Amino acid sequence: MYKIGIRIALGRVPFTSDYTAGATADLTMIETTRARELFRAASRFVISIALLAAFVYCARTAWTVLDDLGRVSLADVAHAAHVVTVRDAILCVVGWRIGRELLVAIVRSRREA
């Protein structure tokens, strides 16, 4: 009983191999304009400056954390957890990631040039 239903359904289903593109099909290519290239270059510049500013902020926070930890003596190691806040630790990790990505982007752009 099911085999008859499948045969009927297969007879009605169009397959992609049944359709072919016509010989007169047009290929449409999007040409980049000068304004678009200028906008992309400006966007890259603004994003790079923003990432650099974020990296500098994170690096400054990391330097402050290291300076604070430098004042903690070996006898006060338990006090070190009170010096470093979660925000500072997260900013150090985020700064490390941003700095690494910026370095990879600079090296990649130098290789392409």
Side-chain angles (χ1 to χ4, degrees):
M1 179 167 188
Y2 293 111
K3 291 182 181 180
I4 295 172
I6 291 174
R7 279 190 209 144
I8 293 172
L10 286 176
R12 293 182 194 164
V13 176
F15 292 99
T16 56
S17 61
D18 295 340
Y19 301 102
T20 58
T24 60
D26 294 328
L27 178 64
T28 305
M29 296 187 66
I30 300 173
E31 295 181 19
T32 57
T33 61
R34 178 76 178 143
R36 183 178 177 99
E37 288 296 323
L38 186 61
F39 176 74
R40 290 180 73 188
S43 298
R44 283 187 196 127
F45 180 75
V46 169
I47 291 171
S48 298
I49 294 298
L51 282 175
L52 188 62
F55 175 69
V56 167
Y57 177 72
C58 292
R60 195 173 122 232
T61 301
W63 187 259
T64 305
V65 167
L66 288 175
D67 190 39
D68 290 343
L69 285 176
R71 294 187 192 123
V72 176
S73 67
L74 202 52
D76 295 329
V77 173
H79 179 66
H82 298 290
V83 173
V84 180
T85 64
V86 174
R87 174 190 161 272
D88 293 339
I90 290 173
L91 282 175
C92 289
V93 171
V94 168
W96 173 260
R97 296 288 307 254
I98 291 173
R100 192 178 69 190
E101 292 299 322
L102 284 173
L103 184 64
V104 167
I106 289 170
V107 169
R108 189 176 296 153
S109 68
R110 297 284 182 206
R111 286 184 184 169
E112 290 176 0

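Owing to the predicted nature of the structure, the values given are computational and were not obtained by experimental measurement.
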Supply the members, apart from Y57, of the Ile/Leu/Val/Met/Phe/Trp/Tyr cluster built from side-chain contacts under 4.5 Å; use none for a lone residue. L91
Among all residues two or more places apart in sequence or in another chain, which pass the side-chain contact (heavy atoms from CB on, under 4.5 Å) test with I106? R110
Could you name each residue pair satisfying side chain to side chain donor-acceptor pair (under 3.5 Å) that touches residues 88-107, not counting sequence neighbours? T85-D88
Is there a path of hydrophobic side-chain contacts, each under 4.5 Å between heavy atoms of I, L, V, M, F, W or Y residues, that connects I90 with F55? yes
If you link ILVMFWY side chains whenever their heavy atoms are less than 4.5 Å apart, which other residues fall into the same cluster as F45? By chain and number, please. I49
Pairing residues for L51 by the side-chain contact (heavy atoms from CB on, under 4.5 Å) criterion, not counting sequence neighbours: I47, I98, L102
